[in-house]
S.K.: 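The structure under discussion is supplied below as structure tokens; questions concerning it will follow.
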There are 2 protein chains.
Amino acid sequence: MNRVFKALADPTRRQVLQLLRRGPMSAGELAAHFPVSKPTMSAHFAILREANLVDATRDGKSIIYRLKLSVLEDALLAFSGAVGLNIASDSPSPTKEPSHD
Amino acid sequence: MNRVFKALADPTRRQVLQLLRRGPMSAGELAAHFPVSKPTMSAHFAILREANLVDATRDGKSIIYRLKLSVLEDALLAFSGAVGLNIASDSPSPTKEPSHD
DNA sequence: TCGATATTTCGCTAATTGTCTATTCATGAA
DNA sequence: TTCATGAATAGACAATTAGCGAAATATCGA
């Protein structure tokens with residue numbers, strides 16, 4: 001979970017995830033969207049992989065990245081719940097009076 | 001939004017938010033829950049304040065911190081949406097085929 | 001095998017972050 | 001005003017991070 005939040009702390013990495021929403025994309029294609037060098041992007045990809053937020057598979061000369069939404073969802077939901085934020089489902093956001101301690 | 005994610009990137013700060021879920025707490029009381037010095041905690045509080053995740057008000061000699069869930073909710077929801085994660089409400093998670101670019 | 005292409009790894013630097021102790025500031029009480 | 005207390009600021013330090021160019025690795029096609 002800490003790795004997920006660390007990964008999310010960088011705007012470039014969050015944008016990579018957004019780009020990946022549209023579908024799988026190669027490292028080079030992804031990198032082309034950002035004004036930084038490819039080695040720098042490669043390091044960002046590694047951090048996303050370590051957080052388990054993306055999946056990387058080789059396809060010929062390219063490496064294709066895919067978004068792994070479930071891990072992101074789990075982390076966001078778990079933290080939201082821990083903090084009392086009832087973001088999910090259809091319950092009536094109990095922003096006050098947490099019942100347990 | 002970047003400040004929110006940066007603030008969330010540190011486990012101590014996330015725990016502070018969780019502690020604050022139970023209700024307002026003073027800086028000292030909060031600090032007592034962690035194994036780091038009070039100045040260090042003060043720096044964490046400053047980052048949470050800058051991210052607008054907490055509200056600080058003085059009460060006599062103490063400074064009382066309060067959780068501002070709305071800001072957290074906005075950021076989490078905005079990002080979830082941007083990445084195609086349909087965490088909120090009761091819509092049928094359109095994890096595929098984003099219609100706009 | 002050779003050359004081109006895609007990506008990562010390897011040093012390296014600069015900036016940022018988390019931590020500390022010591023000090024300062026603000027408040028309330030004597 | 002002086003003292004004690006709760007909290008923030010200042011300054012220093014080590015560790016981490018984002019960034020680079022150069023080199024290494026992997027794959028494909030000729």
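Each chain gets a letter, A, B and so on, in the order the sequences are listed, and its residues count up from 1.
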S.K.: NZ of A/Lys38: more than 12 outside heavy atoms within 6.0 angstrom?
M.R.: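 Incorrect, the count does not exceed 12.
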
S.K.: For A/Ser42, which contact category applies under a 4.0 Å heavy-atom criterion: base, sugar-phosphate, or nothing?
M.R.: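 Since a base atom lies under 4.0 Å of A/Ser42, the category is base.
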
S.K.: Could you pick out which residue, A/Thr12 or B/Glu29, lies toward the 5' side of DNA chain D when each is mapped onto its nearest nucleotide?
M.R.: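 Closest to the 5' end, via its nearest nucleotide, is B/Glu29.
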
S.K.: Taking the side chain as C-beta and beyond, is there a heavy-atom pair between B/Val54 and B/Leu17 under 4.5 Å?
M.R.: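 Yes, close enough: below the 4.5 Å cut-off.
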
S.K.: Would you say A/His44 reaches D/dG19's phosphate, i.e. side-chain N/O to OP1/OP2 under 4.0 Å?
M.R.: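 A/His44 to D/dG19 OP1/OP2: side-chain N or O found under 4.0 Å.
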
S.K.: Just the rounded figure in Å: distance from C1' of D/dG19 to CZ of A/Arg13.
M.R.: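 Distance, rounded to whole Å: 12 Å.
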
S.K.: If I take atom CD1 in residue A/Ile47 and atom C1' in nucleotide C/dT8, what distance separates them, rounded to the nearest angstrom?
M.R.: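 After rounding, the reported distance stands at 14 Å.
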
S.K.: Can you check whether B/Leu8 reaches A/Leu8 side chain to side chain, under 4.5 Å on heavy atoms?
M.R.: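 A side-chain contact under 4.5 Å is absent here.
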
S.K.: Can you tell me which nucleotide in C/dT19, C/dT8, D/dA8 comes closest to the side chain of B/Pro39?
M.R.: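 Shortest atom-to-atom distance from the side chain points to D/dA8.
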
S.K.: Round to the nearest Å and state the distance from B/Asp10 atom CG to C/dG18 atom P.
M.R.: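 Value for this atom pair: 5 Å.
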
S.K.: Give a yes/no on whether any side-chain N or O of B/Thr40 is located under 4.0 angstrom from OP1 or OP2 of C/dG18.
M.R.: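 No, B/Thr40 has no side-chain N/O under 4.0 Å of OP1/OP2 on C/dG18.
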
S.K.: Tell me: NZ of B/Lys61 to P of D/dA7, nearest whole Å?
M.R.: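 Taking NZ of B/Lys61 and P of D/dA7, I get 10 Å after rounding.
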
S.K.: Just how far, in rounded Å, is C1' of C/dT9 from CE of A/Met41?
M.R.: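 Checked: the CE to C1' distance equals 17 Å.
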
S.K.: Whole Å only: how far is the CZ atom of B/Phe34 from the P atom of C/dC20?
M.R.: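 After rounding, the gap between these two atoms is 13 Å.
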
S.K.: Taking the inter-plane angle between the rings of B/Phe45 and B/Tyr65 on a 0 to 90° scale, is it parallel (under 30°), tilted (30 to 60°) or perpendicular (over 60°)?
M.R.: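 Tilted, since the angle between the ring planes falls between 30° and 60°.
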
S.K.: When the nearest nucleotide of DNA chain C is assigned to A/Lys6 and to A/Arg58 on a heavy-atom basis, which residue is associated with the more 5' position?
M.R.: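 Result of the comparison: A/Arg58.
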
S.K.: Please report, rounded to the nearest Å, how far the C1' atom of D/dA7 is from the CG atom of B/Asp59.
M.R.: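 From B/Asp59 CG to D/dA7 C1': 13 Å.
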
S.K.: Do the side-chain N or O atoms of B/Ser62 get closer than 4.0 angstrom to the phosphate oxygens (OP1, OP2) of D/dG6?
M.R.: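 So the side chain of B/Ser62 is outside the cut-off, no N or O lying under 4.0 Å from OP1 or OP2 of D/dG6.
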
S.K.: Think A/Tyr65 has a side-chain N or O under 4.0 angstrom from the OP1 or OP2 of C/dT8?
M.R.: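 A/Tyr65 to C/dT8 OP1/OP2: side-chain N or O found under 4.0 Å.
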
S.K.: For B/Lys38 and C/dT21, give me the distance from atom NZ to atom C1', rounded to whole Å.
M.R.: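 So the two atoms are 15 Å apart, to the nearest Å.
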
S.K.: Could you check if a side-chain atom of B/Arg66 sits within less than 4.5 angstrom of a side-chain atom of B/Thr57, using non-hydrogen atoms only?
M.R.: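 Contact flag for B/Arg66/B/Thr57 side chains = yes.
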
